[in-house]
Amino acid sequence: MNIGIVGLGLIGGSLGLDLRAMGHQIWGVSRQERTCQLALERGVVDHASVNLKLLAKTEVIFICTPIAAIAPIVQQLIPYLSPETILTDVGSVKQAVVEQIAPLWSNFVGGHPMSGTADNGIEAAQSNLFVGNPYVLTPVETTPAVAVNIVEEIVRTLTTKVYFCGPEEHDQAVAWISHLPVMVSANLIDACMSETDLGVLKLAQLLSSSGFRDTSRVGGGNPELGVMMARYNREALLRSLTSYRHNLNQLIELLEHQNWQALDEKLHQTQLQRPEFFR
Ligand code: NAP
């Protein structure tokens with residue numbers, strides 16, 4: 001199949017490596033010449049250009065740029081597409097993207113691979129990034145079934161677990177498991193660094209081990225991604241954050257009132273809930 005990829009970074013580059021290894025012809029477009037060159041050198045694509053015209057003969061195009069660039073790219077792509085061309089994206093937020101693209105191109109299937117690393121750019125692209133991980137597709141009423149089936153077939157070959165849901169549901173779910181944890185973890189780092197006794201702060205640094213490393217990891221990631229989550233998934237994230245604040249207030253109250261029994265019950269409950277959640 002002739003597959004196009006716009007945005008040859010971590011996700012676009014990793015898709016290119018896997019799809020090309022399966023025998024597809026990969027046509028890649030990125031913003032910078034240097035990225036196109038690296039993509040060719042690394043075997044991510046068969047053909048590369050900074051010009052969207054390169055994708056005129058492709059059957060399916062994955063748009064793998066930052067979210068803000070997705071809709072403008074679709075607008076620029078349309079003059080080069082045949083009506084059968086299928087577009088899909090990999091943006092981490094779906095409602096804002098689907099609402100913008102569906103009216104522009106009916107053969108569009110929203111998508112989100114639940115895979116990533118802390119690094120970005122073409123250098124970070126790697127084979128088998130998606131293996132074993134969920135890949136969400138968010139078709140809407142107007143999405144043609146043929147387009148959904150073709151995108152599903154391609155992403156299944158990456159050995160992903162494919163899930164279907166509405167864009168709004170997707171955004172609320174990722175607010176809980178991805179966007180809220182980033183905000184909570186960033187706030188943890190910020191609160192810790194606000195310790196005014198520099199001796200205590202230094203000691204905390206020296207004593208910190210795997211627990212703090214784990215809980216601070218997602219808060220110490222790419223700030224651009226964090227802002228993108230807040231900006232494009234504002235409502236769902238606010239809903240999760242507000243609920244989190246409510247829980248935090250309850251926790252503070254338990255400590256203020258030295259209600260150790262209630263705290264014990266709460267922690268027993270979360271101890272049971274965690275394995276249940278991941279089952
Ligand atoms: P990335 O590594 O920074 O790659 C994005 C690439 O897009 C860059 O390499 C850049 O290319 C290119 N680009 C930017 N603007 C462009 C434009 N106007 N035209 C053409 N190419 C353009 O980012 P990423 O982590 O792969 O994320 C890409 C998308 O995947 C985002 O929408 C994100 O929400 C989604 N996503 C990310 C993760 C994750 O964990 N990182 C997981 C799932 C989904 P140049 O190098 O040429 O400038």
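First listed ligand is number 1; within each ligand, the first listed atom is number 1.
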**Student:** Show me a pair-per-line table, with atom names and distances to 0.1 Å, of protein N or O atoms that are under 3.5 Å from an N or O of ligand 1.
**Tutor:**
residue: ligand 1; atom: 2 (O); partner: L10; partner atom: N; Å: 2.8
residue: ligand 1; atom: 2 (O); partner: G121; partner atom: N; Å: 2.7
residue: ligand 1; atom: 11 (O); partner: S30; partner atom: OG; Å: 3.0
residue: ligand 1; atom: 21 (N); partner: R31; partner atom: N; Å: 3.4
residue: ligand 1; atom: 26 (O); partner: L10; partner atom: N; Å: 3.3
residue: ligand 1; atom: 26 (O); partner: I11; partner atom: N; Å: 2.9
residue: ligand 1; atom: 32 (O); partner: T65; partner atom: O; Å: 2.7
residue: ligand 1; atom: 34 (O); partner: S92; partner atom: N; Å: 3.1
residue: ligand 1; atom: 34 (O); partner: S92; partner atom: OG; Å: 2.6
residue: ligand 1; atom: 36 (N); partner: S92; partner atom: OG; Å: 3.4
residue: ligand 1; atom: 46 (O); partner: T35; partner atom: OG1; Å: 2.7
residue: ligand 1; atom: 47 (O); partner: S30; partner atom: OG; Å: 2.8
residue: ligand 1; atom: 47 (O); partner: R31; partner atom: N; Å: 3.0
residue: ligand 1; atom: 47 (O); partner: Q32; partner atom: N; Å: 2.8
residue: ligand 1; atom: 47 (O); partner: T35; partner atom: OG1; Å: 3.1
residue: ligand 1; atom: 48 (O); partner: R31; partner atom: NE; Å: 2.9
residue: ligand 1; atom: 48 (O); partner: R31; partner atom: NH2; Å: 2.8
residue: ligand 1; atom: 48 (O); partner: Q32; partner atom: NE2; Å: 2.9

**Student:** Kindly list each side-chain donor-acceptor pair under 3.5 angstrom involving residues 245-252, sequence neighbours excluded, with atom names and distances?
**Tutor:**
none

**Student:** Would you confirm whether R239, through its side chain, and A175, through its main-chain N or O, come within 3.5 Å as a donor-acceptor pair?
**Tutor:**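 It does not hold such a pair.
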**Student:** Are any side-chain N or O atoms of T35 and backbone N or O atoms of L8, one a donor and one an acceptor, separated by less than 3.5 Å?
**Tutor:**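 No.
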**Student:** Is a donor on one side and an acceptor on the other found under 3.5 Å between the side chain of N133 and the backbone of S115?
**Tutor:**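 Not a single qualifying donor-acceptor pair exists.
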**Student:** Mind checking what makes salt bridge (charged side-chain N to carboxylate O under 4.0 Å, His left out) contact with R34, not counting sequence neighbours?
**Tutor:**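 Expected list: E123.
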**Student:** Show the atom names and distances, to 0.1 Å, of all donor-acceptor pairs under 3.5 Å that link a side chain in residues 10-28 to residues at least two apart or in another chain.
**Tutor:**
residue: S14; atom: OG; partner: L10; partner atom: O; Å: 2.5
residue: S14; atom: OG; partner: Q126; partner atom: N; Å: 3.0
residue: S14; atom: OG; partner: Q126; partner atom: O; Å: 3.3
residue: D18; atom: OD1; partner: N128; partner atom: N; Å: 2.9
residue: D18; atom: OD2; partner: N128; partner atom: N; Å: 3.2
residue: R20; atom: NE; partner: D46; partner atom: OD1; Å: 2.8
residue: R20; atom: NE; partner: D46; partner atom: OD2; Å: 3.4
residue: R20; atom: NH1; partner: G43; partner atom: O; Å: 2.9
residue: R20; atom: NH2; partner: D46; partner atom: OD1; Å: 3.2
residue: H24; atom: ND1; partner: M1; partner atom: N; Å: 3.4
residue: Q25; atom: OE1; partner: H47; partner atom: NE2; Å: 2.8
residue: W27; atom: NE1; partner: N2; partner atom: OD1; Å: 3.0

